[in-house]
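Right, one structure below, let's go through it.
All residue numbers in this chain count up from 1 along the given sequence.
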Amino acid sequence: CLLLLLRKYFETINQFYQQQIPTWSRQIEFTLAGIGCAVGLGNVWRFPYLCYRSGGGAFLVPYLLMLVVLGVPLLYMELTVGQYTRRGPVHALASVCPLLKGVGIASVAISFIMCTYYNIVITWALYYLFSSFQAPLPWQNCNNTWNTANCTNYATNSSFSSTASQEFFKYKMLKQTSGVEEAGALQWELFLILILGWILIYLCIFKGVKSTGKVVYFTALFPYVILIALLVNNVQLPGALDGIKFFIVPKWDKLLEVEVWVNAAAQIFNSIGIGFGSLLAMSSYNSFKNNVLKDTLSISIINSLTSILSGFVIFSAFGYMSYLQGIPVDSLAVDGPGLVFVVYPQAFAMMPVAQLWAVMFFFMLLCLGLDSEFAMVEVMVTSLMDEFYHPLMKVFQRKELFVLAVCGVAFLLGIPCVMQVGIFVFQLMDHYTAIVSIMFLAFFEVLAICWGVKRLSSNLKEMTGRGANIFFKLCWLIVAPVLLIFSIIQFKPARYGDYVFPPWAQGVGWVIALASIVWIPLGAIHTLWVLPGSLMQVIYIENSCVN
């Protein structure tokens with residue numbers, strides 16, 4: 001009886017709170033913000049790279065299957081929780097499952113860690129954008145002071161040569177060291193551009209959901225204009241059809257490889273942004289009666305269609321490059337960040353009006369990066385405002401000053417990434433945050449929310465008039481946990497190209513991962529400490545509350 005009275009009390013408080021917080025001016029603003037959050041740089045370089053490495057079209061089969069059984073159900077789960085609780089990830093997860101309330105804190109920690117280094121990609125995009133106004137393009141030939149004797153104007157399959165675009169990325173912009181053992185000096189050009197990047201982020205979010213809702217009209221839609229324009233141009237180039245055939249014609253023997261299926265699940269998971277808390281925080285500004293399923297399908301389907309569109313763009317460019325170089329498509333050298341900052345610039349250098357295409361493309365990357373970045377910063381801001389609103393307002397007086405302080409701290413933590421060792425720091429942080437930490441977090445998030453699947457379904461029915469069907473319940477209870485456990489088992493140490501990080505660096509990576517994961521057991525210990533009774537009694541209370 002006491003539990004029922006407490007639940008009724010908190011539901012009354014929750015309904016009152018729902019009337020006090022701001023909402024999106026129009027529902028289309030949340031949909032566009034969600035699309036902008038989900039659609040990012042991963043759609044442009046990670047999806048084509050994984051597809052290339054997995055044998056072309058064969059990757060599309062597990063990718064689309066994972067979209068149905070993993071992407072859509074988990075996004076539906078997150079948006080439902082955010083919209084019903086009207087809180088950020090910390091309070092939302094604490095209200096759903098107090099024993100695993102640390103999951104919410106962990107999602108905020110992951111988003112903050114990611115935003116400290118993710119803005120480096122925006123910095124690189126701005127650097128290339130400014131460089132694209134030069135004629136000829138600085139990566140168009142080898143007649144530059146930073147080029148080596150092994151530089152070639154066109155790529156070959158020789159391991160002893162490097163292209164002009166590769167050397168521009170490595171020796172001009174990054175001036176990278178040979179490994180993480182050597183820190184090198186601060187890159188002042190990148191340092192100043194990093195400041196500019198954080199200024200842009202601040203201007204996008206300092207007014208909260210109202211300013212964000214206006215920005216997404218442009219940042220979420222403009223990349224599609226550029227991708228379509230690039231596709232129209234690329235398909236007219238000689239050899240483009242060979243690249244497209246490689247993209248859509250599968251190598252069926254690749255489906256027998258476990259890694260292909262794991263990569264497809266990871267791409268769906270990381271691309272949509274499940275577990276980072278960004279979409280959950282944004283959905284907390286929805287109206288209570290909003291159709292969650294409609295937003296779920298819009299965001300997840302458009303995200304995947306964007307990846308496929310990017311695939312056609314990049315593989316048509318691959319076909320053109322293979323035609324010029326006289327080598328097969330599968331012999332082109334592609335890898336991670338190099339796909340964006342090496343292969344694309346090299347392709348633009350071969351096209352008519354190269355400066356125009358380069359400017360449009362890197363401006364598109366800027367828009368994609370801004371969408372994802374200010375979503376991650378918004379998670380931190382929303383969560384801290386939920387928890388410490390009055391103390392924070394006493395110190396900062398205005399929310400705008402608090403947002404400025406968050407951006408300032410994240411900027412300072414990102415400075416190592418603009419040193420000569422920056423590319424290795426970036427890769428180490430990305431591997432242990434966006435892959436290792438997020439997989440652990442996602443598993444416990446599914447466990448926390450889907451422990452009370454009956455309550456989740458009833459909350460959904462309260463908002464929309466219709467509960468979850470059997471398909472979503474099966475995915476929440478069985479499919480998603482199994483896939484996440486399988487992904488965790490497939491862990492591999494961090495590496496950058498052929499460079500393998502030394503053991504001490506891997507240890508630092510695990511420290512970075514634990515900076516977010518550790519909040520999950522700490523939250524559970526705190527709950528067990530403050531609640532009376534034995535462990536089994538606490539678990540019984542938890543089960544009674546969620547069901």
Side-chain angles (χ1 to χ4, degrees), residues 38-64 66-67 71 121 124-125 128 155 163 165-166 169 223-224 226-235 237 239-251 254 257 259-272 302-323 325 327-348 350-351 357 360-362 364-365 368-369 372 430 434 497:
V39 176
L41 296 175
N43 300 81
V44 177
W45 69 264
R46 181 174 171 81
F47 173 82
Y49 164 64
L50 290 177
C51 190
Y52 180 89
R53 190 174 66 180
S54 302
F59 183 75
L60 296 178
V61 177
Y63 175 80
L64 295 175
M66 294 301 173
L67 170 66
V121 182
W124 296 343
Y128 270 81
T163 65
S165 60
Q166 287 174 325
F169 178 73
Y224 293 99
I226 301 303
L227 285 175
I228 292 173
L230 286 171
L231 179 61
V232 171
N233 177 79
N234 289 0
V235 295
L237 300 173
L241 185 60
D242 293 333
I244 294 176
K245 285 181 179 179
F246 184 86
F247 175 55
I248 63 176
V249 177
K251 295 181 179 179
K254 286 287 185 177
E257 299 180 9
E259 185 179 4
V260 174
W261 293 84
V262 173
N263 287 339
Q267 173 61 16
I268 285 290
F269 189 81
N270 288 284
S271 178
I272 295 179
I302 290 177
N303 173 71
S304 294
L305 290 177
T306 304
S307 295
I308 295 174
L309 174 62
S310 300
F312 278 102
V313 174
I314 184 63
F315 278 94
S316 59
F318 282 168
Y320 179 53
M321 291 169 59
S322 68
Y323 169 81
Q325 299 165 27
I327 57 177
V329 175
D330 56 5
S331 297
L332 295 173
V334 292
D335 190 16
L339 191 62
V340 171
F341 296 103
V342 174
V343 177
Y344 273 113
Q346 183 179 326
F348 295 144
M350 303 173 185
M351 296 179 183
W357 291 113
M360 290 196 302
F361 177 78
F362 290 113
M364 178 196 73
L365 287 186
L368 291 174
S372 300
D430 186 62

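Remark: Thr306 pairs with Val39, Asn43, Tyr224, Leu227, Ile302, Ser310 by the side-chain contact (heavy atoms from CB on, under 4.5 Å) rule, at least two apart or across chains. Every side-chain contact (heavy atoms from CB on, under 4.5 Å) that Ile244 has, sequence neighbours left out, goes to Val235, Ile248, Phe312, Ser316.
Nearest heavy atoms, Pro250 versus Ala58: CB-N, 3.2 Å. Between Phe247 and Gly311 the shortest heavy-atom distance is CZ-CA, 3.8 Å. Here the closest heavy-atom approach between residue Ser307 and residue Gln267 is recorded as OG-NE2, 4.4 Å. In terms of heavy-atom proximity, Pro345 sits nearest to Tyr128 at CG-CE2, 3.9 Å. Nearest heavy atoms, Met364 versus Val44: CE-CG2, 4.4 Å.
Note that CG of Leu67 and CG of Leu60 are 11.5 Å apart. Values are rounded to the nearest 0.5 Å. Atom-to-atom distance recorded for Ile268:CD1 and Ile272:CD1 is 5.0 Å, nearest 0.5 angstrom. Rounding to the nearest 0.5 angstrom, the gap separating the CG atom in Leu64 from the CD1 atom in Ile308 is 5.5 Å. Asn234 CG to Ile314 CD1: the interatomic distance, rounded to the nearest 0.5 Å, is 8.5 Å.
When side chains are defined from C-beta on, Tyr52 counts as touching Phe315, because their heavy atoms get closer than 4.5 Å. The shortest side-chain heavy-atom distance between Ile226 and Leu230 falls under the 4.5 Å cut-off.
Classification of the Trp124-Phe169 ring pair by plane angle, with boundaries at 30° and 60°, yields perpendicular.
Proximity of the aromatic rings of Phe47 and Tyr63 is defined here by a centroid distance below 6.0 angstrom, and this criterion is met.
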